[in-house]
Amino acid sequence: MKLHLNNTFNKELPADKVLENTRRQVLDACFSYVTPKKTANPSLIHVSEEMLVELGLTKDDAKTNKFLSIFTGNEVLENTHPYAMCYGGHQFGNWAGQLGDGRAINLFEVTHNKKQWAVQLKGAGETPYSRTADGLAVLRSSIREYLCSEAMHHLGVPTTRALSLSLSGDEVLRDVLYNGNRAYEKGAIVSRTAPSFIRFGSFEILSSRKNNVALQQLTDYTINHFYPEITSTGKQKYLDFLTKVRDNTIEMIVHWQRVGFVHGVMNTDNMSILGLTIDYGPYGWLEGFDFGWTPNTTDAQHKRYRFGNQSYIGLWNLFKLANALYPLIEEAEPLQQILDGYNSLFKEQYETMMKSKLGLIQNNDTDSELIGRLEETLHLIETDMTIFFRNLSKITKEDTISIAIEKIAEAFYNPLELKDEIKQHWETWLTQYIDRLQQETQTNEQRKQHMNGVNPKYVLRNYMAQLAIDDANKGDYNLIEEFYQLLKQPYSEQPQHHKWFAKRPEWARNKVGCSMLSCSS
């Protein structure tokens with residue numbers, strides 16, 4: 001097994017001078033060296049063939065004991081020095097101080113085919129940042145992260161990736177719903193990959209401690225390695241950096257809205273500086289279209305991270321990043337100007353995205369109203385987001401309203417509710433939509449192909465992930481493989497998998513793991 005190692009983070013940035021793996025405040029450092037915990041009886045459940053190729057590895061490599069040992073933390077690859085990253089963060093709107101990689105350990109960085117990948121283990125044991133936790137992960141959350149990060153990539157959503165999913169062979173004590181009912185679960189380890197795992201909070205912690213030297217080091221490092229297109233100097237360089245991060249963050253969240261993904265815990269320590277979806281915890285996919293839905297039990301009361309609020313939270317988090325970068329610029333006005341541009345940029349990109357979901361290419365002044373009325377109408381009756389937008393492509397310019405309703409009726413959870421005033425609203429919107437289609441020059445078939453390229457047929461619904469988890473807990477990993485293959489082609493019809501193009505079953509409406517989840521994993 002040969003990897004082209006090219007470690008930069010732990011060579012170019014300040015390290016924790018204390019080498020003991022004890023929980024503590026880590027000062028004047030961007031990371032701490034730490035060795036992963038050896039496990040009782042590790043075994044490999046699944047490997048992403050794509051990520052093997054990305055890293056320059058082969059299927060045969062993945063079958064070796066060395067691969068298993070390294071990517072479960074039982075062996076440290078020669079000439080590497082694993083470490084945990086130091087960062088802080090605002091959690092649910094409040095400054096939490098130092099957080100850091102409490103159960104993630106970075107193994108090394110690899111360069112292959114002119115791409116740089118950081119490789120990390122999640123669930124490989126304690127670090128100085130574990131606080132009161134054990135640094136471990138369980139099978140259920142590991143399956144969710146492994147499958148979802150790869151699924152998001154194939155949906156075209158900027159994301160971290162996953163290389164492998166393994167059992168540790170150890171039992172891990174967890175309180176699934178934070179209600180005092182702790183129980184042992186199977187321990188697991190996910191090997192995660194990304195160009196970098198640097199977060200907004202990586203800058204916040206240094207700025208909060210007034211460590212401006214390390215702050216500048218980290219910012220320069222990030223620009224040099226991940227934003228090489230920034231060629232300006234002085235303060236302008238850091239302003240251009242914030243602008244790039246703003247734009248990448250907008251792009252990521254617009255993609256979330258496009259596919260109906262709700263992150264669930266958009267704390268600043270869970271925001272990638274590269275605009276990647278990171279930290280798949282209590283995430284969820286919209287079943288019924290609902291701006292007010294959150295998958296996070298911790299967020300159930302205030303719904304800060306609900307689907308319809310994700311764009312606002314993106315801006316809020318960028319304000320915190322701007323505050324962290326202020327010592328490098330020492331002027332508030334240019335920072336504010338960058339942030340002031342967020343809402344108009346987001347609105348423009350969101351409307352463009354929604355038009356693509358509706359199959360509209362021509363420009364029309366009424367499109368904003370058409371989109372707004374659709375979003376209102378979708379809330380009148382529980383309507384499956386994925387099925388609705390996928391089936392919307394079947395509507396043609398020649399359809400009557402009754403035929404159009406038949407084509408989308410599959411998306412309604414209770415079709416009997418489609419009556420009276422609610423039915424009138426739907427008929428009004430469909431009338432406007434079909435009228436609008438008359439202005440399009442593309443054929444019905446061309447529009448359908450376009451729409452089916454942006455509206456997925458298959459997403460990783462929570463109940464599907466839970467079915468895979470339930471089977472895996474019994475030692476059956478077939479559904480993990482089935483979903484892994486299914487979600488590699490989310491826009492394709494895949495008739496052999498049509499059973500997964502279905503509304504959430506009623507049994508899953510309130511089942512643990514299928515509706516809302518806690519951060520406990």
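Small disclaimer: the values here were computed from a predicted structure and weren't measured.
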ask   = With under 30° as parallel and over 60° as perpendicular, where do the rings of Tyr33 and Phe31 fit, or are they tilted in between?
value = perpendicular
inquiry  = Can you give me the closest heavy-atom contact between Asn270 and Ile278, atom names plus distance?
reply    = O-CG2, 2.9 Å
ask   = When you check the side-chain N and O atoms of Tyr280 and Thr159, is any donor under 3.5 Å from an acceptor?
value = yes
message = Check whether Tyr283 forms a cation-pi arrangement with Arg144 (NZ or CZ under 6.0 Å from the six-membered ring centre, at most 45° off the ring normal).
response = yes
query = Would Ser32 and Tyr129 count as having a side-chain donor-acceptor pair, cut-off 3.5 Å?
reply = yes
task = With sequence neighbours excluded, give me every ring-ring contact (aromatic ring centres under 6.0 Å, His included) pair touching residues 238-258.
result = Phe203-Phe241, Tyr227-Phe241, Trp256-Phe261, Trp256-His263
inquiry  = Please determine whether a side-chain nitrogen of the Lys or Arg among Asp134 and Arg174 lies less than 4.0 Å from a carboxylate oxygen of the Asp or Glu.
reply    = yes
key: Residue from His4, Lys11, Gln116 passing side chain to side chain donor-acceptor pair (under 3.5 Å) with Glu109   = Gln116
Between Trp500 and Gln494, a side-chain donor and acceptor under 3.5 Å = no
Whether Lys357 side chain and Asn455 backbone form a donor-acceptor pair below 3.5 Å = no
query = Quick one: do the Asn462 and Gln466 side chains pair a donor with an acceptor below 3.5 Å?
reply = no
message = So that I know where these two stand, are Tyr458 and His497 an aromatic pair - ring centroids less than 6.0 Å apart?
response = no
query = Would you say the side chains of Thr268 and Glu204 form a donor-acceptor pair under 3.5 Å?
reply = yes
request  = Just jot down the salt bridge (charged side-chain N to carboxylate O under 4.0 Å, His left out) partners of Asp220, sequence neighbours excluded, or say none.
outcome  = Lys237
task = Return the minimal non-hydrogen interatomic distance between Ile105 and Gly125, and the atom names on each side.
result = CD1-O, 4.3 Å
query = With a 4.0 Å cut-off, would you call Lys37 and Glu126 a salt bridge?
reply = no
task = Check the side chains of Thr8 and Tyr221 for a donor-acceptor pair under 3.5 angstrom, ignoring hydrogens and angles.
result = yes
task = Verify the distance criterion only: is there a donor paired with an acceptor across the side chains of Asn74 and Thr72 at less than 3.5 Å?
result = yes
query = How close do Ala472 and Tyr477 get, heavy atom to heavy atom, and via which atoms?
reply = O-CE2, 3.6 Å
ask   = Would Asp240 and Ser232 count as having a side-chain donor-acceptor pair, cut-off 3.5 Å?
value = yes
task = Please name the pair of heavy atoms, one in Pro327 and one in Ser207, separated by the smallest distance, quoted to 0.1 Å.
result = CG-OG, 3.7 Å
For a quick test of your reading: what N or O donor-acceptor pairs under 3.5 Å do the side chains of residues 316-324 make, sequence neighbours left out?
| residue | atom | partner | partner atom | Å |
| --- | --- | --- | --- | --- |
| Asn317 | ND2 | Met266 | O | 2.9 |
| Asn317 | ND2 | Ile313 | O | 3.4 |
| Asn323 | ND2 | Phe319 | O | 3.4 |

ask   = Does Tyr305 have its ring centroid less than 6.0 Å away from the ring centroid of Phe307?
value = no
